[in-house]
**Student:** 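Got a structure for you, questions after.
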Amino acid sequence: MTDFACTPAMLLAAGRGERMRPLTDHCPKPLLEVRGKPLLQWHLEALARGGFSKAVVNTDWLGSKIERFFEGQTGHLRPWNVREQLWNAEQDMASNGDAVFTLAFSREGQDFGGALETAGGIARALPLLVAEPAAAKSAVFWVAAGDVFVPDFDYRQDAVARFVASDKLAHLWLVPNPAHNPRGDFGLALSQGSDAAGMALNLATDDPRPRYTYSTIGLYRAALFAPPWCAIAPGNPQGVKAPLAPLLRAAMDQGRVSAELYTGRWTDVGTPERLAQLNHV
């Protein structure tokens with residue numbers, strides 16, 4: 001393993017899933033199954049295949065069910081299903097072939113009575129994501145929404161290495177616009193040469209250049225969630241609700257967000273119809 005194997009992931013799982021009702025009335029959206037596995041589990045397995053070993057999951061609606069599914073009580077956990085679902089060769093990624101994966105939970109619903117939105121939730125979880133307070137601003141971590149289905153995505157340590165070596169605050173994976181988001185989110189200025197990564201662009205409404213949809217997967221520096229980019233106090237002790245897009249757009253305007261286009265399978269499982277389509281195989 002390289003030093004980048006210790007890079008943690010923040011998996012966003014606090015949403016109510018209103019558009020998925022009635023399926024989410026008694027089941028948290030990240031536990032809805034696609035092809036026999038909960039959506040959240042697909043991410044955990046992919047992270048483990050990449051050699052990563054820690055994730056923080058934020059919760060609100062029915063969050064205790066997510067913890068119980070992964071045999072959670074408190075603190076660091078070892079979910080049985082991550083290791084069991086891996087191929088034998090993949091189980092050798094960790095020392096002695098023991099694919100230990102630890103989970104921690106940021107309980108927004110329990111602590112504040114509701115979800116804190118994306119930036120507020122990440123800010124709240126930073127003490128769980130960043131082991132060394134002295135290195136808090138330079139720390140990096142993955143972020144992904146627990147309710148997107150992206151079975152071909154590789155969480156790669158060399159991607160972390162490139163990001164760490166850059167001066168960027170975030171690196172985003174963008175996807176071609178799905179039917180439900182035809183206008184997209186951000187522009188992309190591709191770099192010249194063999195490097196597929198370019199610059200994410202905060203395009204004006206009337207800008208004719210193409211936009212792409214944010215896949216919800218990205219690499220982030222903790223510095224994006226501190227001044228001057230973010231005014232939330234460290235650890236978000238007040239439970240401030242804040243979206244992520246304004247932080248990203250401000251950083252894009254200063255050339256501090258890179259991006260690349262991902263063309264593998266990707267679905268925002270936002271409606272019962274999309275879930276049914278994924279399971280109709």
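Below, each value reflects all heavy atoms present in this structure, side chains not excepted, and no hydrogens, waters or symmetry copies.
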**Student:** For Val164, does its backbone N or O pair with a side-chain atom of Arg221 as donor and acceptor, under 3.5 Å?
**Tutor:** yes

**Student:** Among Leu219, Val150, Leu261, which residue satisfies the side-chain contact (heavy atoms from CB on, under 4.5 Å) criterion with Trp173?
**Tutor:** Leu219

**Student:** Look at the rings of Phe149 and Trp42 and say which category their plane angle falls in: under 30° parallel, 30 to 60° tilted, over 60° perpendicular.
**Tutor:** perpendicular

**Student:** Would you name the heavy atoms of Ala13 and Pro30 that are closest together and state the gap between them?
**Tutor:**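 Heavy atoms of Ala13 and Pro30 come nearest at CB-CG, 3.6 Å.
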
**Student:** Can you name the closest pair of heavy atoms from Lys241 and Ala115 and give their distance?
**Tutor:** CE-O, 3.3 Å

**Student:** Is there side-chain contact between Phe52 and Val160, with at least one heavy-atom pair below 4.5 Å?
**Tutor:** yes

**Student:** Would you say Val257 and Ile122 are hydrophobically clustered, going by side-chain heavy atoms of ILVMFWY under 4.5 Å?
**Tutor:**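 Both belong to a single hydrophobic cluster.
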
**Student:** Indicate yes or no for a side-chain donor-acceptor contact from Asp147 to the backbone of Leu40 under 3.5 Å, with no hydrogens or angles considered.
**Tutor:**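 It does not hold such a pair.
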
**Student:** Check the hydrophobic clustering (I, L, V, M, F, W, Y; side-chain heavy atoms under 4.5 Å; chains of links allowed) and say if Leu11 and Trp61 are grouped together.
**Tutor:** no

**Student:** If you measure from CZ on Arg256 to CG on Leu224, what distance do you get to the nearest 0.5 Å?
**Tutor:** 9.0 Å

**Student:** Would you say the side chain of Trp142 lies within less than 4.5 Å of the side chain of Pro8, judging by non-hydrogen atoms?
**Tutor:**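 A side-chain contact is absent here, since even the closest heavy-atom pair is not under 4.5 Å.
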
**Student:** Quick one: list whatever passes side chain to side chain contact (heavy atoms under 4.5 Å, CB included) with Pro237, sequence neighbours left out.
**Tutor:** Ala233

**Student:** Should we count CZ of Arg265 as having more than 12 external heavy atoms under 6.0 Å?
**Tutor:**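 Atom CZ in Arg265 is crowded, with more than 12 foreign heavy atoms closer than 6.0 Å.
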
**Student:** Output yes when a side-chain donor or acceptor of Arg107 lies under 3.5 Å from a complementary backbone atom of Thr59, and no otherwise.
**Tutor:** no

**Student:** Please find the pair of heavy atoms, one from Ala55 and one from Leu44, that lie closest to each other, and give the distance.
**Tutor:** CB-CD2, 4.1 Å

**Student:** Do Leu116 and Leu248 share a hydrophobic cluster (ILVMFWY, side-chain heavy atoms under 4.5 Å, transitive)?
**Tutor:**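 No, separate clusters.
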
**Student:** Does any N or O in the side chain of Lys29 come within less than 3.5 Å of the main-chain N or O of Leu39, such that one atom is a donor and the other an acceptor?
**Tutor:**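 No; judged by distance alone, with no hydrogens or angles, the pair does not exist.
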
**Student:** Given Phe105 and Val56, is the side chain to side chain contact (heavy atoms under 4.5 Å, CB included) satisfied, shown in steps?
**Tutor:** CA-CA 6 Å; Phe105 291 92; Val56 176; over 6 Å; no

**Student:** Is any NZ, NE, NH1 or NH2 atom of the basic residue among Arg124 and Asp111 found under 4.0 Å from an Asp or Glu carboxylate oxygen of the other?
**Tutor:** yes

**Student:** Within the side chain of Asn58, is there an N or O that forms a donor-acceptor pair under 3.5 Å with the backbone of Ser106?
**Tutor:** no

**Student:** Closer than 3.5 angstrom, by distance alone: can the side chain of His280 be matched with the main-chain N or O of Leu275 as a donor-acceptor pair?
**Tutor:**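 No, the answer is negative, given that no donor and acceptor are paired below the 3.5 Å cut-off.
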
**Student:** Report the C-alpha distance between Val269 and Val148 in whole Å, list the side-chain angles of each, state the deciding distance to 0.1 Å, and finish with yes or no for side chain to side chain contact (heavy atoms under 4.5 Å, CB included).
**Tutor:** CA-CA 6 Å; Val269 188; Val148 297; over 6 Å; no

**Student:** Does one side chain, of Gln277 or Glu273, offer a donor that lies under 3.5 Å from an acceptor on the other?
**Tutor:**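 Absent: no donor and acceptor within the cut-off.
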
**Student:** Report the distance from atom CG of Leu31 to atom CD of Gln41, rounding to the nearest 0.5 Å.
**Tutor:** 9.5 Å

**Student:** Can you tell me how far CE of Met252 sits from CG of Asn202, rounded to the nearest 0.5 angstrom?
**Tutor:** 6.5 Å

**Student:** Do you know the tightest heavy-atom contact between Leu169 and Ala223?
**Tutor:** CD2-CB, 3.9 Å

**Student:** Take Phe153 and Tyr262 through the test ring-ring contact (aromatic ring centres under 6.0 Å, His included) and record every step on the way to the result.
**Tutor:** CA-CA 8 Å; Phe153 186 82; Tyr262 177 74; 5.5 Å; yes

**Student:** I'd like to know if the side chain of Asp207 and the backbone of Arg209 have a donor-acceptor N/O pair within less than 3.5 Å.
**Tutor:** yes

**Student:** Give the intermediate values and the outcome of side chain to side chain contact (heavy atoms under 4.5 Å, CB included) for residues His180 and Asp268.
**Tutor:** CA-CA 9 Å; His180 58 83; Asp268 172 7; 3.8 Å; yes

**Student:** Using every non-hydrogen atom in the two residues, find where Tyr212 and Pro176 come nearest and quote the distance to one decimal.
**Tutor:** CD2-CA, 4.4 Å

**Student:** Mind running side chain to side chain contact (heavy atoms under 4.5 Å, CB included) on Val143 and Leu244 for me, showing each step along the way?
**Tutor:** CA-CA 11 Å; Val143 172; Leu244 178 60; 5.6 Å; no

**Student:** Kindly compute the distance separating CG (Leu247) from CZ (Phe225), expressed to the nearest 0.5 Å.
**Tutor:**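 Answer rounded to 0.5 Å: 6.5 Å.
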
**Student:** Say you draw a straight line from CG of Asp152 to OG1 of Thr263; how long is it, rounded to the nearest 0.5 Å?
**Tutor:** 9.5 Å

**Student:** Are Leu47 and Val140 connected into the same hydrophobic cluster when the rule is that any two of I, L, V, M, F, W, Y join if their side-chain heavy atoms are below 4.5 Å apart?
**Tutor:** yes

**Student:** State whether the side chain of Lys168 and the backbone N or O of Tyr220 hold a donor-acceptor pair below 3.5 Å, judged by distance alone.
**Tutor:**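 Checking the backbone N and O of Tyr220 against the side chain of Lys168, no donor-acceptor pair under 3.5 Å is found.
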
**Student:** Say whether Leu129 and Ile232 are linked into one hydrophobic cluster, either directly or through other cluster members, by side-chain heavy-atom distances under 4.5 angstrom.
**Tutor:** no

**Student:** Check whether any side-chain N or O of Asn177 sits under 3.5 Å from a backbone N or O of Thr213 as a donor-acceptor pair, and report yes or no.
**Tutor:**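 Checked: pair present.
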
**Student:** At what distance, to the nearest 0.5 angstrom, does CE of Met10 lie from CG of Leu126?
**Tutor:** 8.5 Å

**Student:** Kindly check if the number of other-residue, nucleotide or ligand heavy atoms within 6.0 Å of CD (Glu33) is above 12?
**Tutor:** yes

**Student:** Parallel, tilted or perpendicular: which one describes the rings of His171 and Phe163, with boundaries at 30° and 60°?
**Tutor:**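 Rings of His171 and Phe163: tilted, 30 to 60°.
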
**Student:** Between Ser215 and Val175, which heavy-atom pair has the shortest distance, and what is it?
**Tutor:**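 In terms of heavy atoms, the two residues are closest at CB-CG1, 3.8 Å.
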
**Student:** As a test of understanding, state which of Asp25, Leu62, Asp60 forms a side-chain contact (heavy atoms from CB on, under 4.5 Å) with Arg16.
**Tutor:**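 Of all the options given, the one that passes is Asp25.
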
**Student:** Can any side-chain N or O of Asn236 pair as donor or acceptor with the backbone N or O of Gly120 at less than 3.5 Å?
**Tutor:**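 Yes; at least one donor-acceptor contact below 3.5 Å.
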
